[in-house]
Amino acid sequence: MWRDSRLCERLGIEHPIIQAPMLGAVGPTLAAEVSKAGGLGSLACGDKGAEETEQLVARMRQLTDRPFNLNFWVHPGADAIPVPGALAAALSPWADRLGVGLPETWSAPARPFGPALAEAVADLRPAAVSFHFDLPDAERIATLKAAGIVILSSAHTVASARKQVAAGVDVIIAQGWEAGGHRGAPGVTQPMDGVGTMALVPQVVDAVGVPVVAAGGIGDGRGIAAAIMLGAAGVQMGTAFLRCPESDLSDAARARLAVAADTDTAFTRAFTGGTARGLRSAYASDLARADDFVPTFPGMLGLSGPLLAAAGARGDDGLRYQLYGQAAALSRAMPAGDLVTALVAEARALMQR
Ligand SMILES: Cc1cc2nc3c(=O)[nH]c(=O)nc-3n(C[C@H](O)[C@H](O)[C@H](O)COP(=O)(O)O)c2cc1C
């Protein structure tokens, strides 16, 4: 029924539905339910080293023996440089409002996905490894592939997809403009320059010979069937899983999603420095005027971190960091395994018509 069976065959899964890795939002409990239901559960290891990754995998394997995906972030970190005056001016009113001091410099460690981590992951032998933000060196990709691991990576332009396939990526996740969370690859920096899922998927399918997974704005079986018709071999869904009882979301975040609307979200660099789609906030609108001075991902976290902690403690909604996509209103508060089963039934009914 899935037309292009390459993804299921290569990953050893029943349904080509990948639960998106979402750092801080989902863990092994949710991912295991997705894998048990025949999809591909993903563990977000974006900020994890070898030891923490091994612990997550051990937990996952206690819960299921089905295939799963490990997701890593690759980025060069951020150097400690002084906060530009224009940025300090935009941040100061928020620091005053929340009663916190602003750091004078910031820095963040690089995440290169180096040799030690690559070897450790190869030993763990997950069915798949996906990369976000960028790719590691060719040798690390070779290490994983030699262990029989399928490599996935997010691209949000045709050029980026081509480049990644040339670098050895086995499956491209075509991430459209609608997607919640951070853009998964370098290339487009201006938020308004992104390509929507409907336009992106068939163009990436035409451009690369490898299986393409559609991501961004897919909220139910209609979206899955549409993605398959566009030539995708499968889908990666993030926002749709956020309201599952197994997710790690706070009650406040769940309540917000329960009343989500199509126009809730916008892109901002104000929290991490990376272009990310999430709930609109007064802070993000305010910081837009200093966007030229906002450090690149993940440097801005050093500056927004203290503000976020203070806002969280006070329940100040002006500075709320909640990432989700444009199809959030389609999301359902139901167990992750049941959701996968429902999504498959919906897509199947449409495709068999
Ligand atoms: C809360 C949240 C956190 C995310 N974190 C990650 C992450 O750690 N790694 C990753 O590869 N993608 C991450 N993403 C992006 C997803 O992989 C995917 O591209 C996106 O969820 C698809 O769009 P959708 O949310 O409309 O389904 C995140 C998305 C959300 C909503």
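Fair warning: this is a prediction, and the values are worked out from it, not measured in the lab.
- Formation of a donor-acceptor pair under 3.5 Å by the H75 side chain with backbone atoms of G77 is found in this model.
- Between the side chains of Q164 and S160, a donor-acceptor pair is found at a separation under 3.5 Å.
- Separating the CD atom in E246 from the CE atom in M334 is a distance of 10.5 Å, to the nearest 0.5 Å.
- T341 places a side-chain N or O within 3.5 Å of a backbone atom of G337 that can act as its donor or acceptor partner.
- Grouping the Ile, Leu, Val, Met, Phe, Trp and Tyr side chains by contacts below 4.5 angstrom, directly or via other members, places W73 apart from L152.
- Judged by distance alone, the side chain of T272 and the main-chain N or O of P298 form no donor-acceptor pair under 3.5 Å.
- A side-chain donor-acceptor contact under 3.5 Å links D286 and W94.
- Here CG of L200 is found 12.0 Å from CE of M198. Values are rounded to the nearest 0.5 Å.
- For the 3.5 Å distance criterion, the side chains of R269 and T275 fail to qualify, holding no donor opposite an acceptor.
- Looking only at distances, a side-chain donor or acceptor of S304 sits under 3.5 Å from a matching main-chain atom of F271.
- F131 is linked by a ring pair (Phe, Tyr, Trp, His ring centres under 6.0 Å) to F113, counting only residues two or more places apart in sequence or in another chain.
- With 3.5 Å as the limit, one finds a donor-acceptor pair spanning the side chains of R254 and S247.
- Looking at S154 and Q175, their side chains never bring a donor and an acceptor atom within 3.5 Å of each other.
- Among residues two or more places apart in sequence or in another chain, the side-chain hydrogen bond (donor to acceptor under 3.5 Å, both in side chains) test is passed with T197 by E178.
- Annotation: cation-pi geometry satisfied between R183 and F267 (NZ/CZ under 6.0 angstrom from ring centroid, within 45° of ring axis).
- The side-chain hydrogen bond (donor to acceptor under 3.5 Å, both in side chains) search around Q352 returns none, not counting sequence neighbours.
- In this structure D4 satisfies the side-chain hydrogen bond (donor to acceptor under 3.5 Å, both in side chains) test together with R6, sequence neighbours excluded.
- Using modelled atom types, no side-chain atom of D264 and backbone atom of L279 make a donor-acceptor pair closer than 3.5 Å.
- Legend: residues meeting side chain to side chain contact (heavy atoms under 4.5 Å, CB included) with A147, ordered by chain and number and at least two apart, are A122, R125, I149.
- Using a cutoff of 4.0 Å between basic side-chain nitrogens and carboxylate oxygens, R97 and D316 are scored as salt-bridged.
- When the side chains of ILVMFWY residues are joined at heavy-atom separations under 4.5 Å, either directly or via intervening members, I173 and M229 end up in two distinct hydrophobic clusters.
- Without hydrogens or angle criteria, R66 side chain to K36 main chain gives a donor-acceptor distance under 3.5 Å.
- Remark: side-chain polar atoms of R10 are not paired, donor with acceptor, to backbone N or O of A127 under 3.5 angstrom.
- Residue L40 is tested with P67, C8, P16, S130 for a side-chain contact (heavy atoms from CB on, under 4.5 Å); the sole match is P67.
- Ring to ring, Y283 and Y321 are not that close: their centroids are 6.0 angstrom or more apart.
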Report the C-alpha distance between F72 and H132 in whole Å, list the side-chain angles of each, state the deciding distance to 0.1 Å, and finish with yes or no for ring pair (Phe, Tyr, Trp, His ring centres under 6.0 Å). CA-CA 6 Å; F72 293 92; H132 209 55; over 10 Å; no
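- Among residues two or more places apart in sequence or in another chain, the salt bridge (Lys or Arg N to Asp or Glu O under 4.0 Å) test is passed with E346 by R332.
- Closest heavy-atom contact between R140 and G114: CD-C, 3.7 Å.
- The CG atom of D248 lies 7.0 Å from the OG1 atom of T29; values are rounded to the nearest 0.5 Å.
- Using a distance-only test at 3.5 Å, with no hydrogens or angles considered, no donor-acceptor pair links the side chain of R277 to the main chain of G180.
- In this structure, R222 contributes its side chain and A347 its backbone to no donor-acceptor pair below 3.5 Å.
- With 3.5 Å as the limit, one finds no donor-acceptor pair spanning the side chains of S42 and N71.
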